[in-house]
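Everything below concerns the one structure shown next.
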Amino acid sequence: MRKLAIITAAALGALAAFCAWGGWVYEGQWGSTGSADGEFYQPTGVAVAPDGRVYVTDTYNDRIQYFTAHGSFLGKWGGTGSGDGEFKRPRGVAVSAGGTVYVVDTNNHRVQYFTPTGIYRGEWGNYGVPSGRFRWPRGLAFAPNGNVYVADTGNDRVQYFTSSGSFIDRWGYRGSGGGEFDNP
């Protein structure tokens, strides 16, 4: 607990110093509660593409919406009955350097990937404990080499894959003796 308190205090000190320097400037906001274009029902993930588009996981509307950097609505995909790309509580989103959009489809226990405008390209994963499977994954990120890291929340671990979904390795699983995550 002491280690956590020291890290937290150091982070807060750095944040306070940055804010005092005047580095943070409020520029605006967009969206409200609802299900129309540009509205959200519990958004949980956001990613900015190399071209400046902003992608948001609209979790309880089961869709992805995307916008200009200043919040103008550009499009959406997903939602019930939409076919390929149909989501059940998407939570995490990340965009590769090439513009491919990756989405953690939490309640379907998988990762899906799409073109920048939402055309389905593929997926990997399903429910389970073995390597390459997920239990309620919630987040993902890219490494500079293109590998995809997934927070496999229900399995208390992080797994990583090639950009097309081939399993590479994992760490933190309670039975592994290392990392020991609790709902990452």
Side-chain angles (χ1 to χ4, degrees), residues 31 33-51 53-67 73-143 145-174 181-184:
T33 302
S35 60
D37 293 349
E39 295 179 341
F40 306 102
Y41 184 20
Q42 206 171 71
T44 56
V46 62
V48 179
D51 67 1
R53 292 181 191 191
V54 178
Y55 293 85
V56 180
T57 57
D58 188 4
T59 302
Y60 281 85
N61 283 321
D62 294 321
R63 65 186 180 185
I64 303 300
Q65 295 190 73
Y66 60 105
F67 305 85
F73 178 81
L74 294 173
K76 65 183 176 187
W77 71 89
T80 304
S82 64
D84 284 341
E86 185 173 326
F87 301 112
K88 287 186 184 172
R89 304 302 186 251
R91 294 189 188 272
V93 61
V95 184
S96 72
T100 301
V101 180
Y102 290 77
V103 178
V104 170
D105 189 5
T106 300
N107 287 13
N108 281 323
H109 313 282
R110 64 186 176 189
V111 172
Q112 296 188 69
Y113 54 105
F114 304 86
T115 67
T117 58
I119 297 171
Y120 176 83
R121 305 302 283 173
E123 65 184 66
W124 72 85
N126 52 34
Y127 182 83
V129 174
S131 297
R133 293 186 177 200
F134 305 109
R135 290 177 47 212
W136 302 284
R138 292 202 179 159
L140 74 165
F142 276 92
N145 67 1
N147 289 342
V148 181
Y149 289 76
V150 180
D152 186 7
T153 306
N155 283 321
D156 297 320
R157 65 186 176 195
V158 172
Q159 298 189 73
Y160 60 107
F161 304 83
T162 65
S163 61
S164 60
S166 295
F167 175 79
I168 298 173
D169 205 354
R170 69 178 189 184
W171 76 89
Y173 183 65
R174 288 180 187 222
F181 294 119
D182 185 12
N183 291 309

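Since the structure is predicted, the reported quantities are computational estimates derived from the model, not experimental observations. Both backbone and side-chain heavy atoms feed into the values below; hydrogens, waters and symmetry mates do not.
The two residues I64 and Y55 come nearest to each other via the heavy atoms CG2-CD2, 4.2 Å. When all heavy atoms of Y102 and V148 are compared, the pair lying nearest together is CE2-CG2, 4.2 Å. Counting all heavy atoms, side chain and backbone alike, T153 lies closest to W136 at CB-O, 3.1 Å. Across all non-hydrogen atoms, the minimal contact from D62 to R89 is OD1-N, 2.8 Å. R110 and F134 get closest at one heavy-atom pair: CA-CD1, 4.0 Å. Annotation for A141 and A94: closest pair CA-CB, 4.4 Å, computed over non-hydrogen atoms.
Rounded to the nearest 0.5 angstrom, K76 NZ and S35 OG are separated by 8.0 Å. How far OG of S164 is from CH2 of W124: 7.5 Å, rounded to the nearest 0.5 Å. To the nearest 0.5 Å, the span separating OH on Y149 from CG on D169 amounts to 9.0 Å. Rounding to the nearest 0.5 Å places CZ of F73 at 10.5 Å from CD of E39. Once rounded to the nearest 0.5 Å, the distance linking CZ of R133 with CG of N155 reads 11.0 Å.
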Side chain to side chain contact (heavy atoms under 4.5 Å, CB included) between V101 and T115, worked out: CA-CA 6 Å; V101 180; T115 67; over 6 Å; no

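Taking the six-membered ring where tryptophan is involved, the planes of F181 and W171 are tilted, since the angle between them lies from 30° to 60°. A tilted orientation is assigned to the rings of W77 and F114, their planes being inclined by 30° to 60°.
A donor-acceptor contact shorter than 3.5 Å is absent between the side chain of E123 and the backbone of G165. Remark: side-chain polar atoms of N61 are not paired, donor with acceptor, to backbone N or O of A36 under 3.5 angstrom. Side-chain atoms of D58 come within 3.5 Å of backbone atoms of Y41 as a donor-acceptor pair (strictly under, hydrogens ignored). Side-chain atoms of R135 come within 3.5 Å of backbone N or O of G154 as a donor-acceptor pair. Using a distance-only test at 3.5 Å, with no hydrogens or angles considered, no donor-acceptor pair links the side chain of Q112 to the main chain of V103. Looking only at distances, a side-chain donor or acceptor of D105 sits under 3.5 Å from a matching main-chain atom of K88. For the pair D51 (side chain) and R53 (backbone), a donor-acceptor distance under 3.5 Å is present. A donor-acceptor pair is defined here as one N or O able to donate and one able to accept, closer than 3.5 Å; such a pair exists between the side chain of N145 and the backbone of N147. A donor-acceptor distance shorter than 3.5 angstrom exists from the side chain of T59 to the backbone of Q42, with no hydrogens or angles considered. Side-chain atoms of D152 do not come within 3.5 Å of backbone N or O of V158 as any donor-acceptor pair.
Side chains of V93 and V56 form no contact here, defined as non-hydrogen atoms less than 4.5 Å apart. In this structure the side chain of P43 never reaches within 4.5 angstrom of the side chain of T57, judged on heavy atoms.
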